[in-house]
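Dropping a structure here in structure tokens format, bear with me for questions.
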Amino acid sequence: MATKDIDWGSLGFGYVQTDFSYVSNYKDGKWDEGSLTADHNITLSECAGVLQYAQTVFEGLKAYTTEDGKIVTFRPDLNAQRLNDSAARLEIPTLPEGRFIEAVEKVVKANADWVPPYGSGATLYIRPYIFGFNPVIGVKPADEYQFRILCTPVGPYFKGGAKPITIKVSDFDRAAPHGTGHIKAGLNYAMSLHPIVTAHKEGFDENMYLDAGSRTYVEETGGANFLFVTKEGKVVTPKSNSILPSITRRSLMYVAKEILGLEAEEREIRFDEVKDFAECGLCGTAAVISPVGCINDHGKEIKFPSGMEEMGPTTKKLYETLTGIQMGRIEAPKGWIHVIK
Ligand SMILES: *Cc1c(COP(=O)(O)O)cnc(C)c1O
């Protein structure tokens, strides 16, 4: 077997079918053993719970090749925990302990030829998800579920350098207080589609959502958490019960404190403080950090001193340290790198 003949550098972020997916079914109150499948289509009832009432949760992580040639994933135990937290909130059965990691290992090993080489900037994106399978028409949870993992190779997030983006303060809300903002549910993305299409039409790259209750505090974007750097060099990130606990953000906060020796704090951040920050970035698995150069609040622009040409200096240090850890160039904290092969 050999790595697929693909121009990894020019791959985008789109679905490319690989050789295998992983599938496990839940029926009569338990999960089956699970197995690999080469069938990338799903046949299900027109009345399936997922189609009628959006009963589905997902995860996203990457497999990639490190400097010394190993295929690894980054902190998959946190994805396993978070998938179960998401499932519980939507009355979806959780996965038995160890099953998630075992399934990720199996499906990545089976698709090893699709894991891009070190230095290409590309990765094998892994998308685990669970959805309501059997017919449901009265509003209630399904009785049968499918857990599936699909893999698809994705290109480097930044082609030709990470240019800062411009975002707008959205007039829409992402998540209600005590709602589902803290879980990775498809429904959160369905309702973000109109706001993001609207933002793009207006020339912005992303939306900044404020807390739906008071429109006073910064929450997150449609799919990434915020990190800010104060003028004193302190790293701060919004604390809220309605934002998704990003694994990248949690890792960056650890890197800031424990490796770079910076002050780092998770706290409520008022939108009116944002104009005083020195740097701003968005964090998530896809890009690690996307620098933000400008925030547009209904025509009023907040321009960060780091500018529109490159990442701010602290953001850059955080980015380089975490990507260095992920790629095996910098020693990783215990348990962060999960070797698959
Ligand atoms: C997945 C996701 C993130 C990023 O989380 P990571 O674990 O860092 O990939 C941030 N916000 C939302 C809403 C998400 O769904």
Side-chain angles (χ1 to χ4, degrees), residues 13 54 56-64 73-87 89-90 100-101 104 123-130 149-150 152 154 157 165 167 170 172-177 179-196 199 205-212 217-228 235 237-256 266 269 280-292 315 318-319 321-323 325-326 335-338:
F13 198 93
T56 179
V57 292
F58 68 97
E59 271 303 322
L61 65 163
K62 301 191 289 198
Y64 51 90
T73 55
F74 182 71
R75 309 187 79 180
D77 53 315
L78 298 187
N79 296 97
Q81 272 170 25
R82 195 170 62 185
L83 184 66
N84 277 348
D85 291 345
S86 299
R89 177 64 175 78
L90 294 194
F100 181 94
I101 304 272
V104 167
T123 55
L124 184 69
Y125 185 73
I126 305 167
R127 166 57 58 87
Y129 57 111
I130 312 178
I149 305 180
L150 69 83
T152 190
V154 297
Y157 193 87
I165 58 171
I167 66 180
S170 184
F172 298 101
D173 293 321
R174 191 192 86 88
T180 56
H182 61 301
I183 64 166
K184 224 167 164 73
L187 55 92
N188 291 335
Y189 280 79
M191 59 108 254
S192 76
L193 297 176
H194 178 62
I196 192 66
D205 298 298
E206 262 298 345
N207 282 302
M208 169 186 266
Y209 292 104
L210 303 182
D211 77 288
Y217 297 97
V218 177
E219 295 250 304
E220 60 171 320
T221 66
N225 287 180
F226 279 103
L227 269 192
F228 299 100
V235 181
T237 190
K239 188 183 176 78
S240 157
N241 293 329
S242 48
I243 66 181
L244 197 280
S246 157
I247 294 166
T248 314
R249 184 256 297 164
R250 286 181 269 165
S251 304
L252 286 165
M253 293 301 278
Y254 181 92
V255 164
E266 183 184 356
I269 295 175
C280 173
L282 304 178
C283 37
T285 294
V288 181
I289 309 181
S290 299
V292 174
T315 307
L318 286 166
Y319 177 82
T321 309
L322 186 57
T323 51
I325 287 171
Q326 290 179 330
W336 279 23
I337 302 297
H338 186 84

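Only heavy atoms go into these numbers, but all of them, side chains included; no hydrogens, no water, no symmetry mates. We count ligands from 1, going down the list as the structure has it; atoms in each ligand are counted the same way.
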for atom 1 (C) of ligand 1, nearest protein heavy atom and its distance come out as Lys184 NZ, 1.4 Å
Could you check if a side-chain atom of Asn188 sits within less than 4.5 angstrom of a side-chain atom of Arg174, using non-hydrogen atoms only? yes
Can you tell me if Ala224 has a non-hydrogen atom under 4.0 Å from ligand 1? yes
Atom 8 (O) of ligand 1: of Ser246, Ser192, Gly186, Ala286, the nearest heavy atom sits on Ser246
Item checked: Any Pro128 side-chain heavy atom under 4.5 Å of Leu61 side chain -> yes
Quick note on ligand 1: atoms under 4.0 Å from a heavy atom of Asn225 include exactly 10 (C), 11 (N)
A student checking ligand 1 against Gly222 at a 4.0 Å heavy-atom cut-off should list atoms 13 (C)
Margin query: Does the residue Arg174 have a heavy-atom contact with ligand 1, meaning some pair of atoms that are separated by less than 4.0 Å?
Written below: yes
Quick note on ligand 1: atoms under 4.0 Å from a heavy atom of Thr248 include exactly 6 (P), 8 (O)
Requested in this report: Answer yes or no: does an N/O atom from Glu220 fall short of 3.5 Å to an N/O atom of ligand 1?
Outcome: yes
Partner of Tyr125 under ring-ring contact (aromatic ring centres under 6.0 Å, His included), picked from Phe58, Tyr64, Phe13, Tyr157, is Phe13
Quick note on ligand 1: atoms under 4.0 Å from a heavy atom of Tyr189 include exactly 2 (C), 12 (C), 13 (C), 14 (C), 15 (O)
Within the 4.5 Å heavy-atom criterion, are Asn79 and Arg82 side-chain neighbours or not? yes
- Query: Given side chains that start at C-beta, do those of Ile196 and Glu206 come closer than 4.5 Å, heavy atoms only?
  - Reply: yes
- Query: What do you reckon, does Arg82 put a non-hydrogen atom under 4.0 Å from ligand 1?
  - Reply: yes
shortest atom 10 (C) of ligand 1-to-protein heavy-atom contact is with Gly223 O, 3.3 Å
When you compare the side chain of Ile165 with that of Val292, does any pair of heavy atoms fall below 4.5 Å? yes
**Item:** Side-chain heavy-atom pair Asp211, Ser240 within 4.5 angstrom cut-off
**Value:** no
